[in-house]
Amino acid sequence: MAQQYPHGHVETDSELEAFYRDLEAMSTTALWRVLTQQITDEPQPRAVPFLWKYRRIRPLVLRAGELVTPEQANRRVVVLVNPGLKSECYASSTLLANIQLVLPGEIAPAHRHSAAALRFIIEGNGGYTAVDGEKTVMRPGDLVLTPNWTWHDHGNPTDGPMIWQDGLDVPLVNALDASFFEPYPGMQQAYTRPVDLSTEQYRQGGLRPAWERWTKPYSPLLNYAWQQTREALERMSKGAPGTPWDGITMEYVNPHTGGPIMPTIGAHAQLLRAGEHTQAHRHTMDVVYQVVEGRGFTIINGVRFDWEPHDVFVIPKWAFHEHVNASATDAACLFSYNDQPVMQSLGLYREEELVENDGYQEVTGAFTPL
Ligand code: 1HN
């Protein structure tokens with residue numbers, strides 16, 4: 001027989017009320033009063049599915065360029081705030097997402113912090129990020145890593161603006177009370193290694209320099225160039241099945257381990273073939289997407305989110321989602337990053353496919369972007 005109260009049930013009376021007051025006076029409480037709040041049957045993210053239109057954000061980013069310098073602001077960044085996480089200004093419960101601008105001739109000063117970051121380049125060609133003594137040159141679609149506690153500064157010696165998305169694990173690091181920050185003594189760090197040395201050393205897929213003693217817990221490759229990523233997606237799209245939920249989806253990996261690029265943030269590049277409509281699933285990871293090419297939509301918990309190049313959207317944990325490439329002739333490419341390495345290494349990762357309706361959600365509405 002099914003239990004009448006599977007979560008337990010205590011009827012309150014005046015004796016219990018007095019007991020609760022006595023507990024409170026000793027800075028204690030009764031677990032049965034808070035249990036269903038603390039132990040929910042399923043994840044209850046405060047973050048909501050959301051999408052930022054790049055063409056609405058871009059003018060604000062450029063306006064920031066007229067109002068503050070990187071010297072003043074440290075980082076000239078517009079933060080993408082999830083409406084469910086307004087007080088914290090986070091994109092999801094574990095990920096911070098920003099759009100950053102570095103104008104011609106500018107330098108964003110060197111510093112390091114225990115939060116890890118990645119950059120995905122949107123506009124501009126030839127700016128750089130320097131990481132622990134090595135500069136890497138950035139082009140649209142490149143994924144650039146600034147792992148935990150690495151010195152990093154940015155510069156733009158070109159004649160056009162450099163704009164990219166920053167993804168950071170700041171919310172996670174703060175939840176764990178593990179934030180440290182240190183400014184570098186000087187605007188730019190000492191550039192002690194050849195430009196793009198790690199790209200030279202590690203771009204050969206499946207081969208790594210055997211003399212390199214790499215013991216750090218993140219990828220030694222600083223820049224995953226879009227050109228190679230796009231070529232890989234194209235090759236795979238010619239015959240590989242991909243997954244039913246994400247199409248041709250490739251994980252960016254640490255060449256030393258084959259595992260995720262950083263211990264707290266993983267990343268994928270994915271290609272949806274012309275007309276592809278994936279099936280719905282959900283998982284215990286937060287994912288922040290950036291559209292690289294093509295047009296389409298993603299249905300998240302029954303709501304349709306239309307996207308076009310450079311739009312950013314977030315899928316919080318345990319939300320059902322499926323992707324649609326709206327073009328009958330052209331591929332669509334998405335970049336995304338996630339907290340899967342954390343969830344996986346802590347034994348908290350789960351996935352579930354939607355079984356009803358052949359794996360497709362019922363669409364109940366469309367998201368109206370700001
Ligand atoms: C940071 O260091 C950068 O280095 C960008 O470009 C955004 C947001 C929060 C904390 C540190 C950068 C950041 C950040």
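Each ligand, and each atom within it, is numbered from 1 in the order the structure gives.
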Under 6.0 Å between the ring centres of [X] and [Y]?
| X | Y | value |
| --- | --- | --- |
| Trp164 | His154 | yes |
| His281 | His283 | yes |
| Tyr252 | His268 | no |

What protein heavy atom sits nearest [atom], and how far away is it?
| atom | answer |
| --- | --- |
| atom 6 (O) of ligand 1 | His154 NE2, 2.6 Å |
| atom 10 (C) of ligand 1 | Leu168 CD2, 4.0 Å |
| atom 12 (C) of ligand 1 | Arg75 NE, 2.7 Å |

For this session: Please determine if Asn98 has a nitrogen or oxygen closer than 3.5 Å to a nitrogen or oxygen of ligand 1.
Result: no

Exercise. Does an N or O from His113, backbone or side chain, lie closer than 3.5 Å to an N or O of ligand 1?
Worked result: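 By distance alone, the answer is yes.
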
Side-chain donor-acceptor contact under 3.5 Å, [X] with [Y]:
| X | Y | result |
| --- | --- | --- |
| Arg119 | Thr146 | yes |
| Glu322 | Gln361 | yes |
| His256 | Tyr202 | yes |

Exercise. Does ligand 1 have an atom that lies less than 4.0 angstrom from a heavy atom of Leu96?
Worked result: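 Leu96 counts as a contact of ligand 1 under the 4.0 Å cut-off.
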
Which of the numbered atoms in ligand 1 are under 4.0 angstrom from any heavy atom belonging to [X]?
| X | answer |
| --- | --- |
| His111 | 1 (C), 2 (O), 4 (O) |
| Arg119 | 3 (C), 4 (O), 5 (C), 6 (O), 12 (C) |
| Gln100 | 5 (C), 6 (O), 12 (C) |

Exercise. Hey, mind stepping through Tyr337 and Phe335 against side-chain contact (heavy atoms from CB on, under 4.5 Å) and telling me if it holds?
Worked result: CA-CA 7 Å; Tyr337 57 98; Phe335 166 78; 3.6 Å; yes

